[in-house]
Amino acid sequence: MKPIVKKMRSNSEIMSTFGTFIQLRPHLTEEDFLEKISRLEKNNGFHLVAVMEDNEVKAVAGYRITESLAWGKYLYVDDLITNESSRRQGYASVLWDWLVTQAKLEGCEQLHLDSGVHRHDAHRFYLKAGLDISCHHFQMSL
């Protein structure tokens, strides 16, 4: 069966992505996951999509369409994770191509994401996919 990208909308669909999400976001808890996703959807226009094959989540992305003075209208990828057991099988590329197409359909001028400095495999994927390293991201814990 060919992998498909599916928008995860129902509670059970959203929860089916949790096992993949915690591989990138280990601070998340199953008890709070659904509430956090719902809040992000309501307050930030967050969308959750997954690559599905044989009814299994292979890769997950969370994104939002937003706008800024610096970048115009853009698609921001908050999360992009391939399940550890499904890596190097092309699922990230399926998801990436879907995100790029979605950005174009939404009339976005750009696509953006941040990636932790330690995620070298992800960086290789992003550079190969045509992204440029265009800025430094700074943070401060409060």
- Contacts of type side chain to side chain donor-acceptor pair (under 3.5 Å), residue Gln110, not counting sequence neighbours: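 With neighbours one apart ignored, the set is His112.
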- Does Thr82 have any side chain to side chain donor-acceptor pair (under 3.5 Å) partners at least two apart in sequence or in another chain, and if so, which?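 Not a single residue meets the side chain to side chain donor-acceptor pair (under 3.5 Å) criterion with Thr82.
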When rounded to the nearest 0.5 angstrom, what distance separates [atom1] in [X] from [atom2] in [Y]?
X     : Y     : atom1 : atom2 : result
Asp32 : Ile37 : CG    : CD1   : 11.5 Å
Phe33 : Met15 : CZ    : CE    : 6.5 Å
Ser16 : Phe21 : OG    : CZ    : 10.5 Å
Arg64 : Leu75 : CZ    : CG    : 9.5 Å

- Query: Residues in salt bridge (Lys or Arg N to Asp or Glu O under 4.0 Å) with Lys6, at least two apart?
  - Reply: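 Partners of Lys6 under the salt bridge (Lys or Arg N to Asp or Glu O under 4.0 Å) test: Glu13.
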- Task: Keeping to residues at least two apart or across chains, list the salt bridge (Lys or Arg N to Asp or Glu O under 4.0 Å) pairs with something in residues 33-44.
- Result: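 For residues 33-44, and leaving out neighbouring residues, the salt bridge (Lys or Arg N to Asp or Glu O under 4.0 Å) pairs sorted by first residue read Glu35-Arg39.
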Minimum side-chain heavy-atom gap [X]-[Y] below 4.5 Å:
X     : Y      : answer
Tyr74 : Leu111 : no
Met8  : Val49  : no
Ile4  : Val51  : no

- side-chain contact (heavy atoms from CB on, under 4.5 Å) between Leu95 and Val5: does it pass, once the steps are laid out? CA-CA 7 Å; Leu95 193 50; Val5 178; 4.1 Å; yes
Under 3.5 Å donor-acceptor pairs involving side-chain atoms of residues 100-109, not counting sequence neighbours:
| unit_1 | atom_1 | unit_2 | atom_2 | d |
| --- | --- | --- | --- | --- |
| Thr101 | OG1 | Asp97 | O | 3.0 |
| Gln102 | NE2 | Glu106 | OE2 | 3.3 |
| Glu109 | OE2 | Lys73 | N | 3.3 |

Taking every non-hydrogen atom, the tightest pair across [X] and [Y]:
X     : Y      : result
Tyr76 : Leu113 : CE1-CA, 3.9 Å
Ala50 : Thr17  : CB-CG2, 4.3 Å
Ile81 : Arg87  : CG2-NH2, 4.3 Å
Arg25 : Asp78  : NH2-O, 2.9 Å
Leu34 : Ile14  : CD1-CG2, 3.8 Å

- Query: Please walk me through it: do Tyr63 and Phe46 pass side-chain contact (heavy atoms from CB on, under 4.5 Å)?
  - Reply: CA-CA 6 Å; Tyr63 74 93; Phe46 184 84; over 6 Å; no
- Which residue pairs satisfy the side chain to side chain donor-acceptor pair (under 3.5 Å) criterion with at least one member in residues 43-60, sequence neighbours excluded?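 Pairs touching residues 43-60 that pass the test: Glu53-Tyr91, Glu56-Lys58.
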- Message: Assess the residue pair Leu99 and Val77 against the criterion (side-chain contact (heavy atoms from CB on, under 4.5 Å)); give the C-alpha distance rounded to whole Å, side-chain angles, the decisive distance to 0.1 Å, and a yes or no.
- Response: CA-CA 8 Å; Leu99 289 164; Val77 179; 4.1 Å; yes
- Query: Do Leu48 and Lys7 pass the side-chain contact (heavy atoms from CB on, under 4.5 Å) test, and can you show the C-alpha distance, the side-chain angles, and the key distance before you say yes or no?
  - Reply: CA-CA 6 Å; Leu48 180 59; Lys7 287 191 176 186; over 6 Å; no
